[in-house]
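What follows is a set of notes on a single structure, which appears directly below.
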Amino acid sequence: MKAVLWTKYGSPDLLQYGEVEKPVPKDDEVLIKVQAATVTPGDCEMRRFDMHVLFWLPLRIYMGIWKPKRPILGMELAGEIEAAGKDVTQFKQGDQVFAGTGIRFGAYAQYKCIKANSFMALKPANLSYEEVATIPTGAINALHYIKLGKIQPGEKVLINGAGGCFGTYAVQLAKMFGAEVTAVDSTEKLGLLKEIGADETIDFTKEDYFNNPEIYDVIFDIAGKGSVTKGMRALKPTGRYILATPWVGLVLQGRWASWTSSKKFFCALAKDDPRELVYLKELMEAGKIKAVIDRTYPLNEMAAAHHYVEDGEKVGHVAIKIEH
């Protein structure tokens, strides 16, 4: 089968389009004929191994000290089940599904074996493979962090980094929960953010959102590039600050601010819960939220797709269409 091989840590140009052996499902696995995948910032961080100091050593041991032990990247996929192991009862041959592979990776290939009881759900008929492939990382994380904020109708919510794969879903979900949403990102992304529901936008290249004290009930900081201490000044006295990027300095700032005030700080990774996949795909199926896909690349142009994601200019998601 065709796949994109990751044999060295570093530049996107090190990714190689080649041939590998087609996998065979174990008794508790399904074999998915992959139709779509995505390129997430997490794929790019892992490829170049740009990891937080707390995670660097354990992840490097897991992924491979000198070179990657799991040579096919990709954390999100969608496709059709071609075969199922004898112990599989949840799915059958011919089912159209989407799934998240996490740091097991493997989505950048024509076929992938996944345990039937893992992070996977059936694809709605009215959605494309590319659309549902964006759910297991982007939408799942957005939902997780929005829930952490316990958003109530009428509250003012600011989303910093709203134009990315987490952010475009977070804007829509916050609006669905009844919030008044302010989206922060670069100039060229603000129009789209208005289109998907943002009430107000802030261009971070021209304005700092924390210059307005005690304005927001919830701040969802996806970008994680500024000062959490300053950011929390923009919260109301009982506001909640949610950080999606667990850098030590930012977490310490948030913890200290929450200990010395009535404001709350949250930073917790999302869990793989298949029930959340079903919930999100039902929202998408009903037209309550949608996938924002900036560009779609073929599998053999993976290096270009990674370069585009790393350039920081994309809005929403970059999808990969896998031909057979």
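Because the structure is a prediction, the values reported are computed rather than measured.
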Residues [X] and [Y] bridged, charged N to O under 4.0 Å:
{"X": "R48", "Y": "E310", "result": "yes"}
{"X": "D217", "Y": "K156", "result": "no"}
{"X": "E82", "Y": "K22", "result": "yes"}
{"X": "D199", "Y": "K175", "result": "yes"}
{"X": "K112", "Y": "E29", "result": "no"}

Quick one: does [X]'s side chain have a donor or acceptor within less than 3.5 Å of a partner on [Y]'s backbone?
{"X": "K263", "Y": "M232", "value": "yes"}
{"X": "E155", "Y": "V218", "value": "no"}
{"X": "S262", "Y": "P237", "value": "yes"}
{"X": "R233", "Y": "K230", "value": "no"}
{"X": "N160", "Y": "I222", "value": "no"}
{"X": "K314", "Y": "G163", "value": "no"}
{"X": "E19", "Y": "M1", "value": "yes"}
{"X": "T101", "Y": "G74", "value": "yes"}
{"X": "E301", "Y": "P298", "value": "no"}

What distance separates [X] [atom1] from [Y] [atom2], expressed to the nearest 0.5 Å?
{"X": "I146", "Y": "L173", "atom1": "CD1", "atom2": "CG", "answer": "6.5 Å"}
{"X": "E313", "Y": "S186", "atom1": "CD", "atom2": "OG", "answer": "8.5 Å"}
{"X": "L15", "Y": "T7", "atom1": "CG", "atom2": "OG1", "answer": "8.5 Å"}
{"X": "R240", "Y": "I151", "atom1": "CZ", "atom2": "CD1", "answer": "7.5 Å"}
{"X": "D95", "Y": "Q90", "atom1": "CG", "atom2": "CD", "answer": "11.0 Å"}
{"X": "Y62", "Y": "K69", "atom1": "OH", "atom2": "NZ", "answer": "8.5 Å"}

| request: For this output row, return yes or no: ring centroids of F49 and W56 closer than 6.0 angstrom. | output: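 That pair passes the under 6.0 Å test.
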| field | H317-F166 aromatic ring centre distance below 6.0 Å | value |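 Distance test on ring centres: not under 6.0 Å, no.
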| Option passing side-chain hydrogen bond (donor to acceptor under 3.5 Å, both in side chains) with E276 (candidates K271, K147, H144) |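 Exactly one pass, corresponding to K147.
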| Would R60 count as a cation-pi partner of Y9, with NZ or CZ less than 6.0 Å from the six-membered ring centre and within 45° of the ring normal? | yes
| request: Please say whether the positively charged group of K123, taken as NZ for Lys or CZ for Arg, lies over the ring of Y129, i.e. under 6.0 angstrom from the six-membered ring centre and within 45 degrees of the axis. | output: yes
Hydrophobic clusters here meaning ILVMFWY residues chained together by side-chain heavy-atom distances under 4.5 Å, can you tell me if [X] and [Y] are in one?
{"X": "I159", "Y": "I202", "result": "no"}
{"X": "V88", "Y": "L31", "result": "yes"}
{"X": "I140", "Y": "I289", "result": "yes"}
{"X": "Y241", "Y": "L148", "result": "no"}
{"X": "L277", "Y": "I114", "result": "no"}

| request: For a side chain to side chain contact (heavy atoms under 4.5 Å, CB included) with F98, tell me which candidate from Q35, K281, E76, M120 qualifies. | output: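 Exactly one pass, corresponding to K281.
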Side chains of [X] and [Y], heavy atoms from C-beta outward: is any pair under 4.5 Å?
{"X": "L158", "Y": "F220", "value": "no"}
{"X": "K33", "Y": "Y111", "value": "yes"}
{"X": "T182", "Y": "I215", "value": "no"}
{"X": "L190", "Y": "D203", "value": "yes"}
{"X": "E80", "Y": "V97", "value": "no"}
{"X": "Y108", "Y": "D43", "value": "yes"}
{"X": "Y297", "Y": "V318", "value": "yes"}
{"X": "C165", "Y": "T137", "value": "no"}

| Co-members of the apolar cluster containing W256 [side chain, <4.5 Å] |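 Hydrophobic cluster check, W256: joined to W259.
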Is [X] atom [atom1] crowded by more than 12 heavy atoms from other residues, nucleotides or ligands, each under 6.0 Å away?
{"X": "K92", "atom1": "NZ", "result": "no"}
{"X": "E207", "atom1": "CD", "result": "yes"}
{"X": "K236", "atom1": "NZ", "result": "yes"}
{"X": "E200", "atom1": "CD", "result": "no"}

| said: For a side chain to side chain donor-acceptor pair (under 3.5 Å) check, start with the C-alpha distance between D13 and H307, then their side-chain angles and the critical distance, and finish with the verdict. | reply: CA-CA 9 Å; D13 299 320; H307 275 297; 3.0 Å; yes
| query | Hey, mind stepping through F204 and D185 against side-chain contact (heavy atoms from CB on, under 4.5 Å) and telling me if it holds? | reply | CA-CA 6 Å; F204 76 80; D185 218 301; 4.0 Å; yes
| said: Between V20 and L5, does the side-chain contact (heavy atoms from CB on, under 4.5 Å) criterion hold? Intermediate values first, please. | reply: CA-CA 9 Å; V20 296; L5 304 179; 3.4 Å; yes
| Do you know the tightest heavy-atom contact between A142 and Y169? |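 So the minimum-distance heavy-atom pair works out to CB-CB, 3.7 Å.
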| Criterion side-chain contact (heavy atoms from CB on, under 4.5 Å) on H306 and R47, from CA distance to verdict | CA-CA 9 Å; H306 271 244; R47 188 205 69 242; 2.8 Å; yes
| side-chain contact (heavy atoms from CB on, under 4.5 Å) evaluation trace for L192 with V292 | CA-CA 9 Å; L192 184 279; V292 176; 3.9 Å; yes
